[in-house]
Amino acid sequence: MTVTPFQRRVYEAVSRIPKGKVATYGGVAAFIKCGSPRAVGQALRINPYAPKVPCHRVIAASLKLGGFQGETRGGAIARKERLLAGEGVRFESGRLSDPRRLFSYQGG
DNA sequence: AGTCGCCACGAAG
DNA sequence: CTTCGTGGCGACT
C-alpha cells in the first residue's frame, strides 16, 4: 500500500480526536492546512489504518454523518452512527444532536 | 510530464 | 435544492 505524506497528515490529525467527540472534514482540513475538505474525505475513504485511525469520528460541517467505508448512505452509515452512539455521541435524524460534542484542535 | 475525471466537502445562490 | 470552488490522486496519453 502506498501512503502519501498528505494522507499521513490526515491520519495523524484524525487520531487526535478524543473518544466521545467528533470533528468535521473542514476542521481537519484547516488543522493540516489543506484548502479542500474534500481531499480529507478522499484520504479517509481509503484509510488503511481502519481501527487505529478513528475515521468514524469525522462528520460533515452540516453535522450530518458524511460517509463511512466508502458509502454516503446505507448500512455503513448506520454502523457509523451506532459506533458513535457507543462513544456517547448521539445523532437524531442523521444529524448530530449536541453540537457541543464537536472537537476543535488546539495549536499546531 | 501533462491532462482528465473522480471524490466520505463546503460555501454561496 | 443547485452550482461553483478547491486540493489531491489514479488512470491515460
Side-chain angles (χ1 to χ4, degrees):
Chain A
M1 305 202 58
T2 61
V3 178
T4 68
F6 170 76
Q7 286 163 254
R8 277 176 45 76
R9 255 168 282 160
V10 173
Y11 302 142
E12 196 280 330
V14 171
S15 299
R16 286 187 175 227
I17 306 172
K19 180 180 175 184
K21 289 207 170 187
V22 289
T24 65
Y25 294 96
V28 175
F31 180 68
I32 65 176
K33 304 295 186 290
C34 173
S36 177
R38 205 173 228 209
V40 173
Q42 199 177 334
L44 290 181
R45 182 180 184 277
I46 61 180
N47 173 24
Y49 312 100
K52 311 183 109 164
V53 178
C55 50
H56 62 278
R57 293 183 194 153
V58 185
I59 65 176
S62 60
L63 301 189
K64 296 201 304 195
L65 283 102
F68 192 54
Q69 292 175 353
E71 300 173 34
T72 55
R73 33 170 263 187
I77 299 304
R79 287 194 293 279
K80 179 174 181 177
E81 181 175 344
R82 279 297 287 129
L83 209 47
L84 287 171
E87 298 183 354
V89 183
R90 297 185 296 94
F91 283 76
E92 189 173 330
S93 302
R95 296 194 55 131
L96 182 65
S97 301
D98 184 7
R100 291 176 306 178
R101 289 287 180 184
L102 277 174
F103 169 72
S104 40
Y105 291 92
Q106 304 181 358

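All figures in this text were calculated on a predicted structure; none of them were measured in a lab.
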Under a 3.5 Å limit for both distances, which nucleotide forms a Watson-Crick or G-U wobble pair with B:dA8, could you say?
none

Atom OH of A:Tyr11 and atom C1' of B:dA8 are separated, to the nearest Å, by 12 Å

Rounded to whole Å, please give me the gap between CZ in A:Arg38 and P in B:dG10.
10 Å

Within this structure, what is the CD-to-P distance between A:Glu81 and B:dA8, rounded to whole angstrom?
20 Å

For A:Ala23, does its backbone N or O pair with a side-chain atom of A:Arg57 as donor and acceptor, under 3.5 Å?
no

Ignoring the backbone of A:Phe6, work out which of C:dT6, C:dC9, B:dA8 is nearest its side chain.
C:dC9

From CE of A:Met1 over to C1' of C:dG10, roughly how many Å is that when rounded to an integer?
14 Å

Any donor and acceptor pair, going by atom type alone, linking the side chain of A:Arg95 with main-chain N or O of A:Ser62 inside 3.5 Å?
yes

Could you check how far CZ of A:Arg73 sits from P of B:dC7, rounded to whole Å?
14 Å

Interatomic distance where CD belongs to A:Gln42 and C1' belongs to C:dG8 [whole Å]:
6 Å

If C:dT6 has a Watson-Crick or G-U wobble mate with both distances under 3.5 Å, name it; if not, just say none.
none

Using a cut-off of 4.0 Å on non-hydrogen atoms, how would the nucleic acid contact of A:Tyr25 be classed: base, sugar-phosphate, or nothing?
base

For a quick check of understanding: with a heavy-atom distance under 4.0 Å over all strands, which category does A:Gly66 fall into, base, sugar-phosphate or nothing?
nothing

Of C:dT6, B:dC9, B:dA8, the nucleotide closest to the side chain of A:Lys80 is B:dA8

For the pair made of CG in A:Leu44 and P in B:dC9, what is the distance, rounded to whole Å?
10 Å

Candidate nucleotides C:dG8, B:dA8, B:dA11, ranked by approach to the side chain of A:Ala61 - the nearest:
B:dA11

It should be established whether A:Gln7 places a side-chain nitrogen or oxygen under 4.0 Å from OP1 or OP2 of nucleotide C:dC9.
yes

All heavy atoms of A:Tyr49 vs all of A:Val3, minimum pair found to be OH-CG2, 3.7 Å

For the pair A:Arg16 and A:Glu12, find out whether any cationic side-chain nitrogen is under 4.0 Å from an anionic carboxylate oxygen.
yes

Atom CZ of A:Arg8 and atom C1' of C:dC9 are separated, to the nearest Å, by 18 Å

Output yes when at least one side-chain N/O atom of A:Thr4 is less than 4.0 Å from OP1 or OP2 of C:dC9, else no.
yes

Is there a donor-acceptor pair under 3.5 Å between the side chain of A:Lys80 and the backbone N or O of A:Gly67?
yes

